[in-house]
Amino acid sequence: MNERHTTMPSDAAQLPALLTFLQDFWSEFKLPPAEALTFELALEEVFMNVVMHGSHADRAPRVNVSITLEDDGVTLTVEDDGPPFDPLSLPAPDLTASLETRRVGGLGVFLVRQVMDSVRYERRDTTNRLKMTKNMAGVGPRHAA
Amino acid sequence: MSDSMFEIRQGDAGEVTMAGRLDATHCDAALKFLSEIANLRVIDLARLEYIASAGLRVILLTQKRCKAAGGGVRLINVAPAIHDIFHYAGFDQILDVTRAAG
C-alpha cells in the first residue's frame, strides 16, 4: 500500500501536523529529500487557500489529504467540503510589475503550478479536489527491490 | 533545526538572520520583527530552509517599506532551493538576491 491519508479541520494551526505527515511519508518510502520541499510548499499553499476561502462558509471545512507513491512520481490530493472554489481560476501574478506596483499576495497557487508537473481541479458533489503530481524518476513500486 | 521551527534575530552589526521555516505560522512574527528595524539593509538567509508565499509576502512588504524610506534590503547567502522560489516569484527582479557560495 503506497498511499497515506489524514483528515483535519481547515485551521492554520494544523500546518505543523501536515508537515509531520509529509515528512513521515518521505522517510517511510526513502524519497529524495530535495523533493520534500516541493511537496511541503504545495501542501501549505493549497491548505492555506482552503483555510482562507473556507472562512466564508458557516463552518470550517474538513480537509482530506492523501499522498500516493506511484511509479516515477508522487501525487498529492487535497479535498475539502467547503464552498465550490477552483484555485486554478485565479489570475497569474504580474511578475513584471515594479516594486512599487507589485501586488502583495496571489503567489501561492502560482508557485504550486511552477513546482508541480500537473495540477488538476475538480468539483465532485460537495467536494473540491485538487490533485498534484510531480514526476520523480526512479521512485515507486516498480523500482522497489 | 527541526520540524516547524523558525528563528529571526538581529546581530550586533545590524544584520538580520533568519533560520528554519518562514511559513504561514511564522510570517506574522517575522513581519513584526522586521517592521521594528529602522535601518534594515541586509537579511542573511544562510540558515533559512523553507519559504512559502506567506514568507514571500513578508519579504515583499519589508522591501516596499525600506524602499519608500529611501533604502532597500539585500538578501544574502540564499540556498539554491530558496533561490528557486524567489526566481519563480520574480523576486530577483525587484530585490538584490545573492546565492550562497559554492
Side-chain angles (χ1 to χ4, degrees), chain A residues 10-24 26-27 32-52 55 63 87 90 92-117 119 134, chain B residues 1-6 20-31 34-35 45 47-75 78-97:
Chain A
S10 60
D11 178 342
Q14 299 291 334
L15 270 182
L18 281 174
L19 177 62
T20 303
F21 168 75
L22 264 185
Q23 289 178 340
D24 287 349
W26 236 250
S27 36
E35 298 291 2
L37 285 176
T38 298
F39 281 82
E40 290 169 17
L41 179 72
L43 187 50
E44 169 169 346
E45 302 297 355
V46 171
F47 185 74
M48 290 306 294
N49 248 334
V50 176
V51 171
M52 276 185 286
S55 67
V63 183
L90 296 172
D94 180 5
L95 301 186
T96 64
S98 67
L99 176 69
E100 291 73 21
T101 58
R102 182 76 192 256
R103 277 186 59 237
V104 177
L107 280 172
V109 173
F110 177 77
L111 287 179
V112 174
R113 299 176 91 148
Q114 302 300 306
V115 299
M116 288 288 170
D117 289 304
V119 184
K134 173 91 179 172
Chain B
M1 186 157 291
S2 68
D3 296 331
S4 57
M5 297 301 292
F6 175 72
R21 304 176 61 87
L22 186 49
D23 62 14
T25 57
H26 298 112
C27 57
D28 290 347
L31 187 61
L34 292 169
S35 70
L45 298 182
R47 291 169 58 225
L48 190 72
E49 295 167 0
Y50 172 88
I51 191 165
S53 67
L56 294 177
R57 178 175 174 275
V58 171
I59 302 281
L60 182 58
L61 285 170
T62 299
Q63 175 69 339
K64 280 178 181 262
R65 178 179 67 85
C66 292
K67 277 280 184 186
V73 181
R74 288 193 302 130
L75 306 178
V78 180
I82 306 283
H83 193 276
D84 285 349
I85 301 296
F86 285 144
H87 179 67
Y88 291 142
F91 273 33
D92 44 0
Q93 306 296 315
I94 52 176
L95 280 142
D96 187 339
V97 182

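Chain A is the first sequence line, chain B the second, and so forth, proteins listed ahead of strands; every chain is numbered from 1.
- B/D96 meets the side-chain contact (heavy atoms from CB on, under 4.5 Å) test with B/R74, B/T98; sequence neighbours excluded.
- In this structure, B/H87 places its NE2 atom where only 12 or fewer heavy-atom neighbours from other residues, nucleotides or ligands lie under 6.0 Å away.
- Residue A/R113 does not touch chain B at all, counting heavy-atom pairs closer than 4.5 Å.
- Of all non-hydrogen atoms in B/A89 and A/L95, the two that sit nearest each other are O-CD2, 3.4 Å.
- B/Y88 and A/F110 make their closest contact through O-CE2, 3.2 Å (heavy atoms, listed as atom of the first residue, atom of the second, distance).
- Annotation: maximal heavy-atom pairing with chain A below 4.5 Å, among B/P80, B/A68, B/A24, occurs at B/A24.
- In terms of heavy-atom proximity, A/E44 sits nearest to B/A54 at OE2-CB, 4.4 Å.
- Other residues, nucleotides and ligands place more than 12 heavy atoms under 6.0 Å from the NZ atom of A/K134.
- By the 4.5 Å heavy-atom criterion applied to side chains, A/L41 and B/Y50 are counted as neighbours.
- Heavy-atom distances place the backbone of A/A97, and not its side chain, under 4.5 Å from chain B.
- Residues A/L99 and B/L60 meet the side-chain proximity criterion, which asks for heavy atoms closer than 4.5 Å.
- The residue among B/D23, B/L95, B/L56, B/D84 with the most heavy atom pairs within less than 4.5 Å of chain A is B/D23.
- Residues passing the side-chain contact (heavy atoms from CB on, under 4.5 Å) test with A/S10, sequence neighbours excluded: A/V50, A/V51, A/A60, A/P61, A/V63.
- Residue B/A81 touches chain A through its side chain alone, counting heavy-atom pairs closer than 4.5 Å.
- Atom CD1 of B/I94 is separated from atom CD of A/E100 by 9.5 Å, given to the nearest 0.5 angstrom.
- Rounding to the nearest 0.5 angstrom, the gap separating the CZ atom in A/R102 from the NZ atom in B/K64 is 8.5 Å.
- Proximity to chain B is limited to the backbone of A/S98, based on heavy atoms less than 4.5 angstrom apart.
- Atoms CZ and CG, on B/R21 and A/L37 in that order, are 7.0 Å from each other to the nearest 0.5 Å.
- Using a 4.5 Å cut-off between heavy atoms, A/L111 contacts chain B through its side chain alone, with no backbone atom that close.
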